[in-house]
Amino acid sequence: MSSKKQLIQPRTLKGFRDFLPAAMIPRERLIDTAKGVYRSFGFSPIDTPSLEYTEVLLGKGGAETDKQMYRFTDHGGRDVGMRFDLTVPFARFAAQHIGTLGTPFKRYHVGPVWRGENTQRGRYREFIQCDFDTIGTTSTTSDVEAALVIHELFRAIGFERFTIRINDRRLLTGLLESLDLLEQQTSVLRVLDKLDKAGPGAVASELKDGVGLSEAQVSAVLEFAQLEGSPAALLEAIEPLVRGAEVGLAGHSGLATLFEAATAAGVPAERIKLDPSIARGLDYYTGAIFETFLDDLPGIGSCCSGGRYDDLATLYTKQDLPGVGASLGVDRLLAAMEELGMIEAQSAPCPVFMPMLEKDRLGDYLALARELRAAGVGVELYPEPRKLGAQLKYADRRGFALAVIAGSSEFESGTCQLKDLRAKEGVEVARGDLAARIGELL
RNA sequence: GUGGGCAUAGCUCAGUUGGUUAGAGCGCCGGAUUGUGGUUCCGGAGGUCGGGGGUUCAAGUCCCCUUGUCCACCCCA
């Protein structure tokens with residue numbers, strides 16, 4: 001037969017991506033930062049399977065997420081779904097294990113999720129979420145803490161200009177209840193959500209003609225959504241609008257406590273806003289809602305969203321398991337950081353590069369590298385004795401900070417050359433002082 | 001899922017009303033420089049013009065399908 005082999009075109013599925021070291025290093029750093037912040041607030045790590053019985057996942061996030069869920073039948077005929085977020089599996093997890101864990105329980109969870117929707121910038125079919133949640137308490141303390149975690153998280157990642165927009169589902173429900181619009185809640189909120197883009201005129205006419213509200217109802221809803229000002233001023237203006245409904249008042253006092261406490265905790269006013277028009281989020285939210293936008297790149301969407309969901313676990317257990325938490329969109333945030341020039345283009349996994357000059361000195365090189373590693377300094381040894389210039393070029397391209405250069409004369413005299421690749425300067429250093437000198441330069 | 005724009009070398013892009021062997025810059029490899037790289041000079045490799053089909057004497061250029069990507073809607077991290 002033909003000697004030409006038919007090659008398979010190397011490619012990835014739409015919305016699925018490969019990650020080269022240059023992308024993976026900042027990605028891991030971001031995740032480590034998030035884990036550190038979560039732990040500092042007392043959240044513990046957990047993990048769950050990426051596949052679940054479809055019945056566990058279906059109908060929990062709303063019709064839209066059901067449509068986007070990857071779903072198939074496995075070899076045993078089981079109806080299987082790939083998780084589209086980490087919150088729904090967590091509710092199942094909590095219902096299953098809360099007996100041994102006890103309440104309240106705080107966890108964080110980092111892992112990929114899948115949604116079969118159309119791709120866009122910062123929007124993929126496989127992406128990492130980095131969640132933290134507290135379950136087993138309805139205390140507003142946990143709501144406030146969620147806002148504080150988001151604030152510290154973005155600070156730790158390196159952002160100064162961002163806004164956490166907060167609302168409460170109960171406020172909206174209260175308003176609609178007092179207007180006798182509870183039935184149309186979903187469609188009213190969907191239209192309302194377009195306020196920013198479409199403007200009040202378009203929203204008004206769609207509420208009237210599309211959803212069928214009366215003039216009075218339209219103006220009441222618009223008046224509510226268009227309120228602006230400090231949280232305190234907003235809450236004062238909102239109170240009379242929701243006074244007629246108990247839920248509304250509960251949401252009102254929850255938000256009042258939240259903003260008061262967040263301010264007392266030192267969150268700057270410009271980073272935390274009450275936004276009555278935020279209504280979105282998955283179907284399971286029942287209380288406070290959070291969305292986080294970057295002031296310098298609002299178009300990319302919310303990079304960290306969440307809220308309170310007091311009924312989610314009731315689908316799996318009779319025990320009351322209210323929860324609150326949020327999800328950091330790692331991939332979306334990285335796309336934003338890339339665009340904002342916050343990511344250094346370098347892919348050196350460790351600080352020190354060691355060129356190999358003489359093949360028959362392999363044992364000496366390995367021993368020297370091992371000494372450095374034992375002292376806590378990461379070292380990469382080049383695998384073959386090429387021309388030194390070429391090896392240094394390799395090191396430079398990877399972004400190594402330092403090179404430790406040694407050949408026969410150095411090995412015999414117990415020294416080596418320590419070269420700062422950034423400054424392009426080298427000094428001769430006694431082998432015993434090497435780790436210390438490296439520490440000074442890093 | 002719906003609608004629109006893109007798709008040419010590793011990267012960023014040129015490519016005239018369809019018309020001979022498809023170009024540039026950067027990068028890469030080799031040499032000048034047999035143990036010290038980012039400059040300079042010389043030389044070199046690398047392209048099924050995303051894939052498939054069609055129209056034509058002739059297609060990178062026109063048409064259809066398909067895949068990917070970007071944008072808008074929808075929704076969301």
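It should be emphasised that the depicted structure is a prediction, and the values quoted were computed from it without experimental measurement. Here is the naming used below: chain letters follow the sequence lines, and residue numbers restart at 1 for every chain.
The CH2 atom of W114(A) sits 16 Å away from the P atom of rA77(B) (whole-angstrom rounding). D396(A) has its CG atom 11 Å from the P atom of rG37(B), to the nearest Å. One can place OH of Y382(A) at 17 Å from P of rU36(B), the figure rounded to the nearest angstrom. Atom pair M356(A):CE and rG37(B):P shows a separation of 21 Å (rounding to whole Å applied). Across the protein-nucleic acid pair, M69(A) atom CE and rC75(B) atom C1' stand 17 Å apart, rounded to whole Å. The nearest whole Å value for the distance from the CZ atom in R125(A) to the P atom in rU69(B) is 8 Å. Taking atom CD1 of I150(A) as the reference point, atom C1' of rA77(B) lies 12 Å away to the nearest angstrom. Atom CG in L86(A) sits about 17 Å away from atom P in rC76(B), given to the nearest Å.
The existence of a salt bridge linking K359(A) and E384(A) is excluded, since no basic side-chain nitrogen approaches an acidic carboxylate oxygen closer than 4.0 Å. Here R308(A) does not pair with D168(A) in a salt bridge; the nearest charged N to carboxylate O distance is not below 4.0 Å. Remark: R107(A) engages D131(A) in a salt bridge, criterion side-chain N to carboxylate O under 4.0 Å. A salt bridge links E412(A) to R361(A): at least one charged side-chain nitrogen sits closer than 4.0 Å to a carboxylate oxygen. Salt-bridge annotation for R155(A) and E152(A): absent, with no side-chain N of the basic residue lying under 4.0 Å from a carboxylate O of the acidic one.
Contacts of G426(A) with the nucleic acid, taken as non-hydrogen atoms under 4.0 Å apart, are absent. Here E425(A) lies out of heavy-atom contact (under 4.0 Å) with every strand. Among the protein residues, C304(A) comes within range of the sugar-phosphate backbone only, with heavy atoms under 4.0 Å from sugar or phosphate atoms but none that close to a base. Across all strands, D331(A) comes closer than 4.0 Å to no nucleic acid atom at all (heavy-atom distances). Counting non-hydrogen atoms under 4.0 angstrom, R332(A) reaches a base of the nucleic acid. Residue-level contact check: Y124(A) touches the bases, meaning some heavy atom is under 4.0 Å from a base atom. Across all strands, L421(A) comes closer than 4.0 Å to base atoms (heavy-atom distances). Within 4.0 Å of G299(A), counting heavy atoms only, lies no atom of the nucleic acid at all. Across all strands, S408(A) comes closer than 4.0 Å to base atoms (heavy-atom distances). Here K419(A) lies in heavy-atom contact (under 4.0 Å) with a base. Residue G407(A) is classed as a base contact, given a heavy-atom separation below 4.0 Å to a base.
Distance check on atom P: rA58(B) versus rG19(B) gives 14 Å, rounded to whole Å. Of the P atoms belonging to rU12(B) and rU69(B), the separation is 15 Å, rounded to the nearest Å. Taking atom C1' in both rU20(B) and rG25(B), one finds a spacing of 26 Å when rounded to whole Å. A distance of about 40 Å separates the P atoms of rA32(B) and rG15(B), rounded to the whole Å. A distance of about 29 Å separates the C1' atoms of rU48(B) and rG4(B), rounded to the whole Å. Look at the C1' atom in both rA59(B) and rC49(B): the space between them is 11 Å, to the nearest Å. As rounded to the nearest Å, rC63(B) and rA22(B) have C1' atoms that lie 23 Å from one another. One P atom belongs to rG53(B), the other to rG60(B), and the distance between them is 14 Å to the nearest Å.
With hydrogens and angles ignored, a donor-acceptor pair under 3.5 angstrom links the side chain of E410(A) to the base of rG35(B).
For R17(A) and L357(A), each mapped to the nucleotide of RNA chain B holding its nearest heavy atom, the one lying further toward the 5' end belongs to L357(A). Residue-to-nucleotide proximity on RNA chain B shows that, of V330(A) and K14(A), the 5′-proximal contact is made by K14(A).
Between F353(A) and F400(A), the angle of the ring planes lies from 30° to 60°, which puts this pair in the tilted group.
One finds no side-chain N or O of K387(A) lying less than 4.0 angstrom from the OP1 or OP2 phosphate oxygen of rU34(B). OP1 and OP2 of rA77(B) both lie 4.0 Å or more from every side-chain N or O belonging to R123(A). Considering only side-chain N and O atoms, Q120(A) lies under 4.0 angstrom from the phosphate OP1 or OP2 of rA72(B).
Using a 4.5 Å cut-off on side-chain heavy atoms (C-beta onward), L153(A) and F41(A) make no contact. Side-chain contact between L434(A) and E371(A) is absent, with no heavy atoms from C-beta onward closer than 4.5 Å.
Relative to the side chain of K393(A), the nucleotides rG35(B), rU69(B), rC29(B) differ in distance, and rC29(B) lies closest. Each of rG1(B), rA77(B), rC75(B) was ranked by its minimum atom distance to the side chain of N118(A); first place goes to rG1(B). You'll find that the side chain of L392(A) is closest to rG37(B), out of rG37(B), rA77(B), rG35(B).
Pairing for rG1(B) goes to rC73(B), judged as Watson-Crick or G-U wobble with the two contacts each under 3.5 Å. Remark: rG30(B) base-pairs with rC42(B); criterion is Watson-Crick or G-U wobble with both hydrogen-bond distances under 3.5 Å. Across all strands shown, rG68(B) is found opposite rC6(B) as a Watson-Crick or G-U wobble partner, with both distances under 3.5 Å. In this structure, rG60(B) makes no Watson-Crick or G-U wobble pair, since no nucleotide meets both defining distances under 3.5 angstrom. Searching all strands for a Watson-Crick or G-U wobble partner of rU20(B) with both distances below 3.5 Å returns nothing.
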